[in-house]
Amino acid sequence: MTRFDGETSPAFEIVEPAEWRAPVIFNSPHSGSTYPDDFLAASRIDLPTLRRSEDSFMDELIGHLSDRGFPTVRVNFPRSYVDVNREPYELDPRMFTGRLPSFANTRSMRVAGGLGTIPRVVGDGQEIYRDRILVDDALGRIETLYKPYHRALRRLINKVHQMFGTVVLVDCHSMPSVGVSRDEPRRPDVVIGDRYGTSCTPLLPDRVEETMTGLGYSIGRNKPYAGGFITEHYGNPASGLHAVQLELNRAIYMDERRRERGPRFAQVASDFAVLADVLATTIPFGDLGPFQAAAE
């Protein structure tokens, strides 16, 4: 496994269950909180500010699911260092010293907003770096962290697909309780993103909504988050690959200002277990495999 930050931290961790219950993978790509020293030295903002971009504790909320028969994936490096929920080369040329490769996507909306593969800003818009960084540094992060993560995730997806004939990837995130704009309405407890119906069977977000509503959560669909690169890239229902993104309101399970677990943390973790069990027992996985061409 790729390591970073010296010799101590694995870049990501995949925990497979001893006994598989269902082809459902739970992934936490944005909860990483191990910050390389050279990154902190290059930042113009302090660590607490950098950490505002984290999906804090989301890896813990789903971590116990591997004991219940579901594989889990967690990324340990922070999204502000390299964001695996982007295309591999969404890069802002204004950030770097040196020439970007010709295949870099420099014009995406995410790059324009400062939130490319190597982010320019944290979630609330504050600039991360004091000075431009070397292109080779950015490309090195992509080669040593981003690409190994996606290779490992793809291997896991292929393994599950071969075992069960279909895969459900639940991409787990958290969102600030309020948006940057004052005009944005109050955010619901959970936002389900399915790329407006393109990344999975409609049954999957419907079942998630029914379950979480029954547990007392308010639900939104695709606004303000419809799903990022992971949901879009790995969601291919015609091939039996189904991906859905869940955004959990941080105020539900943590103190956002102090970045501490809140009094409902254990209950929310338990509710994720309920959701996993419902998906395992009520989704007709045999009907979600690759579409078969009709006989002539």
Which value, rounded to the nearest 0.5 Å, describes the distance between [X] atom [atom1] and [Y] atom [atom2]?
X    : Y    : atom1 : atom2 : result
T34  : F77  : OG1   : CZ    : 10.5 Å
L115 : R86  : CG    : CZ    : 5.5 Å
D136 : E143 : CG    : CD    : 11.0 Å
T201 : D194 : OG1   : CG    : 10.0 Å
L100 : Y89  : CG    : OH    : 11.0 Å
D92  : S108 : CG    : OG    : 9.0 Å

Distance-only, no hydrogens or angles: does the [X] side chain make a donor-acceptor pair with backbone N or O of [Y] under 3.5 Å?
X    : Y    : result
H30  : M58  : no
R250 : S174 : yes
S66  : V15  : no
R187 : P176 : yes
E90  : E87  : yes
H242 : L288 : yes
S177 : N249 : no
R130 : A41  : yes
D255 : E260 : no
S31  : F57  : no

Could you tell me which non-hydrogen atom of [X] sits nearest to which non-hydrogen atom of [Y], and how far apart they are?
X    : Y    : result
F96  : A138 : CE2-CB, 3.5 Å
F285 : A280 : CE1-O, 3.7 Å
T166 : G240 : OG1-O, 2.8 Å
D55  : C172 : OD2-O, 4.3 Å
R68  : R21  : O-CD, 2.6 Å
T231 : Q245 : OG1-CB, 3.5 Å

For [X] and [Y], take the angle between the two ring planes, folded into 0 to 90°, and tell me which bin it lands in: parallel under 30, tilted 30 to 60, perpendicular over 60.
X    : Y    : answer
F229 : Y234 : perpendicular
Y253 : F265 : tilted
H150 : Y146 : tilted

Indicate yes or no: does [X] engage [Y] in a salt bridge with an N to O separation below 4.0 Å.
X    : Y    : result
R44  : D131 : no
R221 : D206 : yes
E232 : R195 : yes

Are the side chains of [X] and [Y] in touch, meaning some heavy atoms are under 4.5 Å apart?
X    : Y    : result
Y35  : S43  : no
P78  : S53  : no
L248 : V190 : yes
Y217 : I252 : yes
M254 : R259 : yes
V170 : I62  : no
P71  : K159 : no
N27  : F12  : no

Residue pair N158, Q162: steps toward the side chain to side chain donor-acceptor pair (under 3.5 Å) verdict: CA-CA 6 Å; N158 288 342; Q162 291 171 7; over 6 Å; no
Option from E210, R207, M212 for which side-chain contact (heavy atoms from CB on, under 4.5 Å) with V278 holds: R207
Audit row: L246, I192, side-chain contact (heavy atoms from CB on, under 4.5 Å) steps and yes/no: CA-CA 5 Å; L246 301 186; I192 304 169; 4.1 Å; yes
Intermediate values then yes/no, side-chain contact (heavy atoms from CB on, under 4.5 Å), F70 and L279: CA-CA 11 Å; F70 306 93; L279 296 181; 6.0 Å; no
Verdict with supporting geometry, F26 and R74, side-chain contact (heavy atoms from CB on, under 4.5 Å): CA-CA 9 Å; F26 287 86; R74 61 186 288 179; over 6 Å; no
Residue pair I142, L91: steps toward the side-chain contact (heavy atoms from CB on, under 4.5 Å) verdict: CA-CA 11 Å; I142 293 168; L91 300 170; 4.3 Å; yes
Test salt bridge (charged side-chain N to carboxylate O under 4.0 Å, His left out) applied to R120 and E127, step by step: CA-CA 6 Å; R120 177 172 52 83; E127 296 275 345; 2.7 Å; yes
Could you see if [X] belongs to whatever hydrophobic cluster contains [Y]? Use Ile, Leu, Val, Met, Phe, Trp, Tyr and a side-chain cutoff under 4.5 Å.
X    : Y    : value
V122 : V84  : yes
V82  : L47  : yes
L139 : L134 : no
V168 : L65  : yes
L241 : M163 : yes

